[in-house]
A.B. asks: 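Have a look at this one.
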Amino acid sequence: MTTSELLEQRLARTQRKVEILEALIEDRTRDVYLAQQVLRASEEMFRGLFESSRDAIMTLEPPTWEYTSANPATLTMFGARTIDEFVALQLRQVSPLIQPDGRASAEKAGEMIGHAMREGFHFFEWTHRRITGEVFPTTVLLTRVELAGKQFLQATVRDITESKRVEQELILARTAAEEASRAKSEFLANMSHEIRTPMNGVLGMTELLLDTPLSREQGEYARAVKSSAEALLGVINDILDFSKIEAQRIDLDPIDFHLRDCLHELLQTLASRAGDKGLELAFHVPADVPDRVVGDAGRLRQILVNLVGNAIKFTAHGEVVVTVTKEQESEDEVFLRFDVTDTGIGIPADKLGKVFEAFSQADASTTRRYGGTGLGLTISKRLIELMGGEIGLESEVGRGSTFHFTARFGLREGPVRLSIPARLDSLQGLPVLVVDDNGTNRRILSEMLRNWGFRPTVAEDADRALEALAQANADGDAFRLVLLDANMPGMDGFELAERIRTTPGAAPCLMMMLTSAGRRGDAARCRELGIAVYLTKPISQSSLLDATMTLFGAQDAAGTAPPALVTRHSLREGQRALKVLLAEDNEVNQRYASRLLERRGHEVVVAFDGRQALAQLDAPAARPFDLVLMDVQMPEMDGFEATAALRAREAGSSRHMPVIALTAHAMKGDRERCLAGGFDDYVSKPVQPDALFDAIDRVVRLRPADGPEPAGVVALSAQSRSSHPGDDDVLDRASLLARFDGDGDLLAELADLFRASAPALVAEVRNAAARGDAPGLTRAAHTLRGMVGNFGAPRAVGLAQDIEDRGREGNLADAEARAADLERAVSRLAARLEALVAEVVP
Amino acid sequence: MKGIIFNLLEDFIVENLGDEALEEILAGTGLRTTEPFVGPGSYPDEDLMALVAQVVERMGIPTDEALRAFGRFCIPPLVRRFPGFVTPHSHPKDFLLTVDAFHSTEINKLFEGAQCPRFHYESPAPDRLIMRYESERRLCALVEGLLEGVATHFDVPIRHSQTACMLHGDPACVFDLTFLPPPGTP
Ligand code: HEM
């Protein structure tokens with residue numbers, strides 16, 4: 001190879017090498033350029049994040065943990081002008097000496113750094129300090145970073161001054177809201193109480209006003225005032241309860257009570273509302289439910305009144321039924337379930353949940369239509385919870401609703417069963433026919449009867465009942481008792497009773513009429529038809545049992561004769577609503593006796609003398625009188641005369657009007673004289689409530705005439721006499737208060753009447769004495785004695801009696817002096833009476 | 001093998017056999033590669049061994065001897081080109097302990113596609129080092145020459161013996177090195 005060839009070859013190779021390398025360099029340069037661009041972009045991105053972050057970001061390097069870099073946010077946060085200025089700061093220069101937890105910042109910072117280096121990161125709250133010295137709360141995230149074999153920390157610091165402030169404000173706002181709500185509830189509780197006091201005044205005075213003679217219009221207005229006031233009071237009571245609940249100030253007050261009586265009484269109070277709407281109101285407590293329980297009867301009553309009241313309110317046709325069942329029973333506790341079922345308008349499914357919320361009934365329009373605060377259910381729900389139970393609701397629009405709740409009750413004497421009288425044994429297997437168009441009632445009645453060992457048969461209308469009666473007669477197993485629903489479509493209970501009574505060849509049976517509350521004239525119709533018992537719905541097990549026992553007991557005692565009318569009142573309270581004619585000339589006595597009678601729910605018509613009394617008895621009236629109370633001594637025609645006239649008219653008929661004598665003489669022999677004079681019984685004046693009602697009870701129930709001596713009357717009279725001498729003889733305070741039985745208003749009212757009429761009566765006595773008019777003196781003294789006798793005034797009574805007795809004998813000696821004595825006694829009595837009234841009636 | 005090693009071998013041929021020999025060898029060896037070798041390029045290992053065979057033939061020495069001489073020849077230019085790997089160290093042991101690391105990291109970055117050898121170390125005494133060489137190329141003679149070049153560079157004599165060899169069926173070639181005191185030290 002020549003040198004030139006060699007050189008040529010090498011040159012060519014070198015040139016080619018250059019070309020290859022250039023191509024390589026170009027490729028590589030482009031790669032590098034692209035790689036750099038990518039790198040720059042990502043670097044810019046990270047730098048941007050770092051630079052624009054609102055959090056302060058800085059790095060710290062070991063081992064002294066000085067700052068090595070910081071972002072602009074750091075400068076703003078700490079108040080440094082440049083990065084260099086910040087980086088020159090020591091860790092301890094950006095923190096206060098002590099952290100809020102009391103630890104030295106330097107020591108704690110070391111701990112935080114150690115933690116982050118060990119775990120890789122650490123997050124915590126830290127109080128920092130600006131260059132200006134101002135401290136501020138922050139969160140710090142320390143992250144361990146490794147770069148090029150070197151470890152350091154990155155700190156991300158966030159200023160939480162604002163969020164702390166917001167948090168603080170929220171806490172304050174919540175506390176304030178809670179405080180306000182509590183204050184509101186308390187205010188409501190106080191307010192409601194304050195409102196209730198004058199409301200009671202309005203109600204009380206309206207009631208008194210209604211007792212005074214009023215024109216028809218005035219009476220209407222006054223009754224409207226009363227019902228409005230009652231409604232308002234109801235609303236206020238709801239609010240009071242609700243606010244108590246809100247303020248958590250409601251407590252239960254457990255007492256020992258009889259469940260069935262409690263239910264019966266409360267449903268009785270609602271019976272007239274149900275009756276007015278033509279609704280059946282029934283309740284059912286199976287025999288296995290204990291009767292004597294311990295719980296807050298008042299609150300239970302409140303809940304049921306609310307639920308049943310609502311049910312009646314929202315039901316136009318059909319029935320409202322309360323059922324109690326036993327869920328669980330232990331040695332000393334029972335868990336009961338109450339169901340209140342109605343056939344009312346129902347509640348739409350989507351509204352069910354809202355029913356128990358305050359201020360909500362199914363909707364506002366319903367509330368408007370039916371009134372009410374809408375608080376009742378909320379209150380009930382809370383009360384039920386306090387009783388350890390739950391409230392629930394099933395409803396179907398158009399079909400009705402069932403509200404049910406459970407509650408826990410204590411058992412006083414272990415599990416107690418309803419006791420069934422031993423006398424029932426004799427009635428085992430008694431065939432009974434139940435006639436009622438309402439299925440629920442039929443079911444309840446027949447279950448009660450079956451529980452007692454009777455054999456009930458049910459009929460849903462009069463025709464079926466007659467068929468059943470005929471069938472039973474044919475079978476030789478005639479019904480001994482028939483329970484009749486008074487209101488039935490088609491042939492009603494009364495008509496059916498008439499048919500039963502007049503069916504030829506039918507075996508005699510006893511009938512009980514079940515009526516809805518408050519229907520006038522039912523009692524009279526029952527008596528006419530020979531129906532032994534009438535009871536108002538809802539029927540309680542015990543009243544039905546009592547009535548049955550009385551019926552069969554009476555029948556046993558008096559052979560087969562149907563007994564006199566037995567009503568719920570005579571069973572439960574010894575009274576029923578009677579129409580009473582009161583013949584009495586003394587206004588105070590009139591007022592007192594009327595008031596007593598009216599308070600028991602009786603209707604009273606007043607006559608001033610015997611003649612007027614007879615006229616009243618003759619007058620055509622929608623409702624005949626059930627009873628006459630006849631003062632024996634009256635002007636014009638006295639009680640004996642009037643009664644004799646009455647009996648003369650009755651002679652030859654089966655009619656017999658019960659008449660009770662009111663005599664001023666509590667003496668032996670009065671009773672015989674009265675009975676001989678045609679009276680059925682007698683009560684001595686001053687009239688004691690118990691004596692009066694015992695007598696009414698006796699004559700209306702027509703006890704056998706040879707019944708026990710009316711010991712109550714004698715005993716009471718004796719007592720009132722014996723207490724005279726020892727006590728203050730002007731006014732026998734103790735017996736007076738006993739007589740008015742705490743009714744301060746009645747006392748005040750009669751005291752007023754006394755003050756108004758006493759001077760005239762005293763003047764009459766004085767004048768008659770001055771005139772020497774013995775009969776006039778006797779009558780005036782008698783009237784005055786009757787009046788002062790009301791007030792337990794032994795001295796005045798004694799003086800009047802003395803004048804009266806002497807007058808009757810025609811003895812007018814010292815009459816004027818005695819009249820003057822009487823006058824003084826009466827005026828002293830008036831003064832004492834006034835003081836007493838002021839004391840008793842605030 | 002990377003072009004840099006081919007370029008070094010070209011230089012070695014020129015140094016020992018002259019320019020003309022190189023041109024003759026490149027023109028007449030029948031290499032698979034037709035283009036001239038450039039540093040960053042990658043070329044078949046067979047071409048390298050073909051060139052080495054030419055050297056053996058023309059110099060009349062065994063292949064081992066040729067590779068060892070080539071290894072000795074490589075160190076000074078490599079050190080010149082890449083002083084960063086060598087200058088931080090003053091003793092061959094320190095340097096040799098980094099050879100595995102820089103081949104597998106830096107050389108791989110600088111020469112894309114390089115297939116570097118792996119070395120494992122044992123240091124039974126301060127003046128000793130046991131190097132275990134693993135490579136599919138099995139160029140233990142080259143390693144020996146490189147070690148000699150390193151000894152020369154640091155002016156520290158290294159006594160070495162090969163206790164295992166892949167060419168004799170061992171899984172690796174093992175060199176037992178003893179660093180002797182540099183000449184002139186008492
Ligand atoms: C500044 C010093 C050095 C540089 C820059 C360097 C660089 C390189 C390069 C670029 C290759 C080619 C790899 C390939 O293409 O696959 C290589 C291979 C090789 N180097 Fe190094 N080297 C250095 C020092 C050493 C030393 C000191 C040793 C041994 C003690 C060594 C042992 C080897 C061996 C044996 C190969 C051949 C490939 C193989 O066996 O698979 N090198 N070296």
Side-chain angles (χ1 to χ4, degrees), chain A residues 1-47 49-50 59 61-64 68-69 117 120 143-154, chain B residues 1-44 47-48 50-51 54 57-58 77 81 84 88 97-98 101-102 104-114:
Chain A
M1 191 182 285
T2 61
T3 310
S4 68
E5 279 172 342
L6 182 88
L7 283 173
E8 223 169 277
Q9 197 177 330
R10 180 167 294 179
L11 187 67
R13 197 155 44 86
T14 308
Q15 274 174 346
R16 184 68 193 128
K17 265 192 182 183
V18 169
E19 279 169 29
I20 293 169
L21 284 171
E22 277 179 344
L24 260 173
I25 288 166
E26 228 171 80
D27 277 5
R28 196 55 64 86
T29 310
R30 199 168 44 246
D31 286 354
V32 168
Y33 173 73
L34 289 174
Q36 268 180 351
Q37 273 199 326
V38 170
L39 198 64
R40 196 173 305 125
S42 82
E43 202 185 278
E44 264 169 23
M45 190 180 87
F46 283 108
R47 182 140 285 273
L49 287 176
F50 178 73
T59 53
E61 273 182 22
T64 53
T68 47
S69 66
M117 291 302 287
T143 316
R144 188 182 63 206
V145 184
E146 246 178 274
L147 252 187
K150 260 193 342 185
Q151 281 196 336
F152 61 94
L153 282 175
Q154 178 193 297
Chain B
M1 189 72 82
K2 297 308 291 182
I4 180 177
I5 303 296
F6 283 87
N7 290 155
L8 281 170
L9 187 56
E10 285 172 338
D11 290 348
F12 177 76
I13 291 168
V14 170
E15 170 102 359
N16 289 290
L17 298 168
D19 291 331
E20 208 174 326
L22 175 65
E23 297 309 323
E24 281 172 12
I25 289 170
L26 288 177
T29 310
L31 297 170
R32 285 172 60 188
T33 309
T34 50
E35 294 282 3
F37 299 111
V38 293
S42 292
Y43 308 99
D47 282 0
L48 187 78
L51 292 174
Q54 290 291 328
E57 198 188 307
R58 288 176 189 244
R81 295 260 313 260
L97 280 167
T98 65
F102 75 74
S104 61
T105 58
E106 308 305 322
I107 299 295
N108 259 313
K109 287 182 211 158
L110 290 168
F111 298 93
E112 205 186 335

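Given the structure is predicted, the values throughout are model-derived calculations rather than measurements. Note on naming: letters A, B, ... go to the chains in the order of the sequence lines (proteins, then strands), and numbering restarts at 1 for each one.
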A.B. asks: List the atom of B:V38, the atom of A:I20, and the distance in Å for their closest heavy-atom pair.
C.D. replies: CG2-CG2, 3.8 Å
A.B. asks: Who in residues 12-19 of chain A is close to chain B, using a strict under-4.5 Å heavy-atom cut-off?
C.D. replies: A:R13, A:R16, A:K17
A.B. asks: Is any NZ, NE, NH1 or NH2 atom of the basic residue among B:E112 and A:R28 found under 4.0 Å from an Asp or Glu carboxylate oxygen of the other?
C.D. replies: yes
A.B. asks: Can you confirm whether A:E26 is buried at CD, in the sense that more than 12 heavy atoms of other residues, nucleotides or ligands lie under 6.0 Å from that atom?
C.D. replies: no
